[in-house]
Amino acid sequence: MKVTLPDGTELQLEEGATGGDAALAIGEGLARAALAVSVNGELRDLARPLPDGAQLSIITGKSPEALELIRHDTAHVLAAAVMELWPGVKISIGPAIENGFYYDFDFPEDAEVSDADFERIETKMREHVKAKESFTRQDISVQEAIEKFKTENQDYKVELIEDLITNEGAETVSLYTNGPFTDLCRGPHATDTGKIKAFKLTSIAGAYWRGDAKRQMLTRIYGTAFLSKEDLAEHLHMIEEAKKRDHRRLGKQLDLFHFSEISPGSPFWHPNGMKIWNSLHELWTEQNARRGYNRVKTPILLDVDLWKISGHWDKYRDNMYFTDIEDRPMGIKPMNCPAHIQIYKSERRSYRDLPIRYSEDGLVHRHEPSGTLHGLMRVRHITQDDAHIFCTEEQIQDEVIQCLRFGFYIYEIFGFEPKLELSTRPEQRVGDDATWDRAEAALENALQAEGLEYELNPGDGAFYGPKIDLHMKDSLGRSWQLGTVQLDFSMPERFELAYTGDDNDEHRPVMIHRALFGSFERFIGILIEHYGGEFPLWLAPVQAKIIPVSDLFNDYADQVAQTLVDAGLRPDVDARTESVGKKIREAELSKAPVMLVVGAEERDAGTVSVRRRHNAGDDDAKLTIGELVDVLSAEVAERRRPDAG
RNA sequence: GCCGGGAUAGCUCAGCUGGUAGAGCAACCGCCUUGUAAGCGGUAGGUCAGGGGUUCGAGUCCCCUUCCCGGCUCCA
């Protein structure tokens, strides 16, 4: 038989030859380094016989697939160790994931497992790795497999196999054995556990079986594995570095905001944080005005009757706060839409008025479950850069496209490259299926018209309509939704919105809900991590730290500061009786983008000595105060990115 | 909300198997008048998250509550 290698050469092999045989035929070194083999683009074990005429490539440690393979191997070794340490433990699934792997276990009732057990689990795992136990594959009938796992009391495995039968019509399944441990597994695996060169258990957490909150909570153990100890060390170091960018840590360090038990999930914004907020708010005001949005402001407390009409009472009540005002039940708004609808409804509308675009930096409150709160990323007190567009059905696509372009304009300022998701109808929803069909198609059309790549996220839409979401990752790789464009045929129906068409008949408008930052809170959280606290000049809370070399020059420093303030800039004078070295150090630690050193020389010449963040002082530019104002003002005005020089 | 882990001075953290709390930085007071990443000396600062229990004795052990951290579910 013959197989073809990646470079196009053909390799002649004996009938029934395996991937391992092929690797050996190419070279002994390759055979030693081989972990698995790619057959017609599908990863397989080295030990499996090759089909004639296959496109073959040998997977080694250098291949991009190698890490995934090794991590999956390590997950099996973890399961093997856990089963030895806790007899009677039930196993479920253990895949490789980005940056590592996990395995989910159902421990016996009385077992208390925590990260304190990692050491002994790892020790056990190391024994298996050292023993270089081979992974052997066995294909058996589904009946046999069910029988086997039933006798072993492995209910989760039985359920998995039963699902394979119903969903895929499976007749056989594969089992993999490493040492004492046999698992239901598609594979592939490396030849033996000795290929795992470095691993570490990283955390332990609860995880629902099948991701279903109504089902059993399992214990998930996370770990990571690499092909060398150096790679592992580097990975761990990178995580440490990423933690330094955590917005919760930087928020404290840079004195931007704090959280308190007094009001969980609600930031207290400090003066420094508020300066970032205000700069962002200015961008919001400016661009919304420029793009045909009219700013409005609506109440936070609204009669419960309104929430009954909108559907929030039925579908969103658990996330809302309620109160009684003089025996009248009121709800605190979790969204601004019903309030904006009141403005639309305050007078008769004509087709000539549409589209009507209202924007509001709307403060909403949502009862987010306690376990989900996460710094600024997930709060209960949310300030959305909200907008609602009322338009005709014909205007939908154009309006959605305008929203997306607006979003990309904003994200470009920060150098963000968001991931797009199209979320479709959820189980909990209002509106009939035909309406949902139209709404989903409209969004899809807009995305395709703009040639944008997106991921489909079925069932994740809002209860009133499908949506396009813009996602960004935080410093530790967690993805957060920022912007959103949501289509809504339902609210207009429920509130009986109307406009008079050119036919003099009443028509129903369509609503588009959109936010681009998403919320000021989350957006600033992402910004802090994105910049690692080193904000570009236009966002920096303190733009220029003025450092008099001794307190003899405090007056001149104040004079410089006043000139900058008059020009709309944000300086701060460090007038303490401290050494220049100390003041520079602290200015650097505060991540101020500009430091201005002033002494006798500068005072006499009417200049400042300009040090940029991270730049040693030797090549400081000497600028007159006027020049300084021009330079800084220009940089702020164009919202220059730090990487733009 | 669920599973696991945490909470010690303003901040970052130490405090072994129970014997009554400590460092650095910050703050305050002096001296130094300082030229590009920490000048020197001193002083003060804690209901060890809150509540209950075990014990002669609890920061340390047990229980409850709150909040935080890591995940899961859910979400901007």
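Chain letters run A, B, ... following the sequence lines, proteins first, then strands; residues in each count from 1.
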Considering only heavy side-chain atoms of A:A205, the closest of B:G35, B:G70, B:A76 is B:G70

Please state whether the base of B:C72 and the side chain of A:R210 form at least one donor-acceptor pair under 3.5 Å? no

Just wondering, are more than 12 heavy atoms of other shown residues or ligands nearer than 6.0 Å to CE in A:M238? no

Between A:Q216 and A:Y156, is any side-chain donor less than 3.5 angstrom from a side-chain acceptor? no

Could you check which of B:G4, B:A76, B:A37 has an atom nearest any side-chain atom of A:H614? B:A37

Per A:L552 side chain, nearest of listed nucleotides B:G70, B:U73, B:U33: B:U33

For the side chain of A:A213, counting heavy atoms from C-beta on, which of B:U73, B:G70, B:G71 is nearest? B:U73

If we count only N and O atoms by modelled type, under 3.5 Å, do the side chains of A:D474 and A:W480 hold a donor and an acceptor together? yes

Is the number of heavy atoms from other residues, nucleotides or ligands under 6.0 Å of A:E534 CD greater than 12? yes

Starting at atom CG of A:D386, determine the distance to atom P of B:C75, rounded to an integer number of angstrom. 18 Å

How long is the line joining NZ of A:K243 and C1' of B:G70, in whole Å? 9 Å

Between B:C72 (P) and A:L373 (CG): distance, integer Å: 16 Å

Under 3.5 Å donor-acceptor pair, A:E261 side-chain atoms to B:G50 base atoms: no

Look at the side chain of A:S114 and decide which nucleotide, out of B:G5, B:G35, B:C75, has an atom nearest to it. B:G5

Return the nucleotide paired to B:G41: Watson-Crick means purine N1 to pyrimidine N3 with N6-O4 or O6-N4, wobble means G-U with N1-O2 and O6-N3, both under 3.5 Å. B:C29

Starting at atom CZ of A:F259, determine the distance to atom C1' of B:C69, rounded to an integer number of angstrom. 14 Å

In whole angstrom, what separates A:W209's CH2 from B:C3's C1'? 17 Å

In whole Å, what separates the C1' atom of B:G45 from that of B:C29? 14 Å

Please determine, for the side chain of A:R366, which listed nucleotide (B:C75, B:G39, B:G4) has the closest atom? B:C75

For the pair made of NZ in A:K467 and P in B:C74, what is the distance, rounded to whole Å? 12 Å

Distance alone, cut at 3.5 Å: any donor-acceptor contact between the side chains of A:D488 and A:H513? yes

Separation of A:H247 atom NE2 from B:C68 atom C1', in whole Å? 13 Å

Is it the case that B:U73 (base atoms only) and A:T372 (side chain only) share a donor and an acceptor within less than 3.5 Å, ignoring hydrogens and angles? no

Please pick, from B:C69, B:U33, B:U36, the nucleotide with the shortest atom-to-atom distance to any side-chain atom of A:I584. B:U36

Which nucleotide wins on minimum distance to the side chain of A:V597, given the candidates B:A76, B:U36, B:A26? B:U36

Taken to the nearest whole Å, CZ/A:F107 to P/B:C3 is 16 Å

Please confirm whether any donor atom in the side chain of A:R378 sits under 3.5 Å from an acceptor in the base of B:C75, or the reverse. yes

Under 3.5 Å donor-acceptor pair, A:Y208 side-chain atoms to B:G1 base atoms: yes

